[in-house]
Trainee: 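Take this structure first; my questions come after.
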Amino acid sequence: MKSVTPLSRHFSTARQFQNLVLLTPKLEFTQKSSALTEELCGEILDRYPDIKTLKKLHSKIIVDQPLCSNPSIGIKLMRAYAACGEPGITRHVFDEITEKNVVFFNVMIRSYVNNHLYHDALLVFKTMASQGFEPDNYTYPCVLKACPGLENLNVGLQIHGSVVKVGLDLNLFIGNGLVAMYGKCGCLMEARRVLDEMPSRDVVSWNSMVAGYAQNARFDDALEVCKEMEALRLKPDAGTMASLLPAVTNTTSNNVSYVKEIFMKLAKKSVVSWNVMMAVYVKNLMPAEAVNLYLQMEKNRIEPDAVTIASILPACGDLSALSLGRRMHEYVERKKLRPNLLLENALVDMYAKCGSLRDAREVFDRMKFQDVVTWTSMISAYGLNGQGRDAVALFAKMQNLSLSPDSIAFVSVISACSHAGLLEEGRYYFKLMTEEYRIIPRIEHYACMVDLLGRSGQVDEAYSFIKQMPVEPNERVWGALLSACRVYSNMNIGLLAADHLFQLAPEQSGYYVLLSNIYAKAGRWKDVTTIRSMMKGRGLKKIPGISNVELNDRIHTFLAGDQSHPHSEKIYEELDIMRLWIFLLTAAVTLDLYMIISPHSPNDIMPAICTG
DNA sequence: ATAGGGTTAG
């Protein structure tokens, strides 16, 4: 039986009533009050209005006694605030309800969990029991979600115990919650046991198991579960794809195809399924495929959501697709998807990678909250654009806000120093990281340091640095050293670096070329020939650098000598005309008629294929 | 109501 306590009775004293009014701005509610029935009020709340509308409505609810006649309005109010990311206000509403029932507790716990305040959620769960309310099949799945990570496994185990004690362990939703909880805690055997003992299972049960394996990098097991599921005639859905995602970053093309197959076979493609498919492409260095999929999504008139945009923006950055990125930004504004931290972070980074520092900064400055990721993106934006001093200044500013830089922030600032030749600053940050922040340097940091030392001409020091590293140097580390050796013509160390590189990455032709450049500089043409024949013997070709150009919403990839573009012939024709012009103008210069400054030699400009 | 999708390093 539902409680029919009027909501007015839930607000205990006049003082508390005032508190609630204070929480809400004194804004005139434009709607005619007679039109705002209880029913309409509930409907508006169910549509999760934005915070401004919500606060107006809230004051209306408090002032208009008839509107308070139904506790479901209170529930809806709490849910709406939680959806706005305001669990604190949800808590205020909750606290002032004097006659609570289990539903209020459930909604409160869920509000905390959905806003990642797991500790608070567990506290409410404990309070609930002490006040004599029995948790039910709505409560348990939610509190189980609040036990992620090993540190809360004990709580999870306790909850499992009480679930069994009250005989709710056969419930489908609770079973699914248990599978997910154990999976997240890395207890895959236990997760599997719960799954096996469930009297009935649905797609979510299986997906939870898939997610468990995937989150623990056991892609083969995750796949196995998918197949098991299919054998039981349960079709993998968008949730299955999403569950697989952590296991398919930087993976084989076979695994990418597997997810794609699921996607293609979906009877109805939800936004989530499109989003996951794009994310899979992005996380496997296939930004062009991601962008194409996005354009297809638009064609299918699927409305992108915030996750869609946040997923596709890194691809725009990787492709230097500035105008597509801008279009995404306009969409964000039009659909009022801001404020959204992850989305705005992605915007900052997209603009930075597309070389538009001003836009990056503008998004950055307009953000309500900035986290370490935001600052890191902005720091590397300056670094990428050669403004090392600004990057360093920004890092200091971040520290002043007592935001604790993480290991990635240090990679960004040190590499910014490296690109701007700020040797001493770079050294300082490495020291700061290890000694002040006690961050154990990872291979990326060592590579940055070798790059920093090497670019500053400290080739010997860079080499000693590598020798005293506590971790095995990788390809990037030796690669940074070899580049430095080429710039500073250090043949001895260059040879050593090349030796390591040929063992670590025998198929990477770029390193052969670097070494042969060193030999050429030293005039050792015989060695140059040896390297060339080595490359030939191993069937290596220098992989040309590519560049992307965006035109009319399509990404065109250019690399030297390619002829696969549908208009290849035309392009080369045009190029010949350009070459002729350059020839003529150069001739003019030699005749002292004109002064032409060209950034490229004509042979560098060779267009080609279109991946769009 | 339960699972599952997003941002930063080169």
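Per chain, numbering begins at 1; letters A, B, ... match sequence-line order. Remember, it's a predicted structure, so these values are computed and weren't measured experimentally.
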Trainee: Does A:Lys353 have a side-chain nitrogen or oxygen under 4.0 Å from the phosphate oxygens OP1 or OP2 of B:dG10?
Mentor: no
Trainee: In chain order, what residues pass the ring-ring contact (aromatic ring centres under 6.0 Å, His included) check against A:Tyr351, with sequence neighbours excluded?
Mentor: A:His329
Trainee: Where along residues 330-345 of chain A does a heavy atom come under 4.0 Å from DNA chain B, residue by residue in number order?
Mentor: A:Asn340, A:Leu342, A:Leu343, A:Asn345
Trainee: So which pairs with a foot in residues 365-377 of chain A pass salt bridge (Lys or Arg N to Asp or Glu O under 4.0 Å), sequence neighbours left out?
Mentor: A:Glu333-A:Arg366, A:Arg361-A:Asp365
Trainee: Report which part of the nucleic acid A:Asp305 touches: base, sugar-phosphate, or nothing (heavy-atom distance under 4.0 Å, all strands).
Mentor: base
Trainee: Enumerate the residues from residues 474-481 of chain A whose closest heavy atom to DNA chain B is under 4.0 Å, giving them by residue number; use none for an empty result.
Mentor: A:Arg476
Trainee: Below 4.5 Å, heavy atoms only, C-beta onward: do A:Met367 and A:Pro339 meet side chain to side chain?
Mentor: no
Trainee: With a 4.0 Å cutoff (strictly under), does any side-chain N or O of A:Ser415 reach OP1 or OP2 of B:dG10?
Mentor: yes
Trainee: Phosphate oxygens OP1/OP2 of B:dT2: is one of them under 4.0 Å from a side-chain N or O of A:Lys145?
Mentor: no
Trainee: Does the gap between the ring centers of A:Phe395 and A:Phe410 come in under 6.0 Å?
Mentor: yes
Trainee: According to side-chain hydrogen bond (donor to acceptor under 3.5 Å, both in side chains), who are the partners of A:Gln158, at least two apart in sequence or on a separate chain?
Mentor: none
Trainee: Holding to side-chain hydrogen bond (donor to acceptor under 3.5 Å, both in side chains), I want the full list of residues that pass it with A:Glu425, two or more places apart in sequence or in another chain.
Mentor: A:Arg389
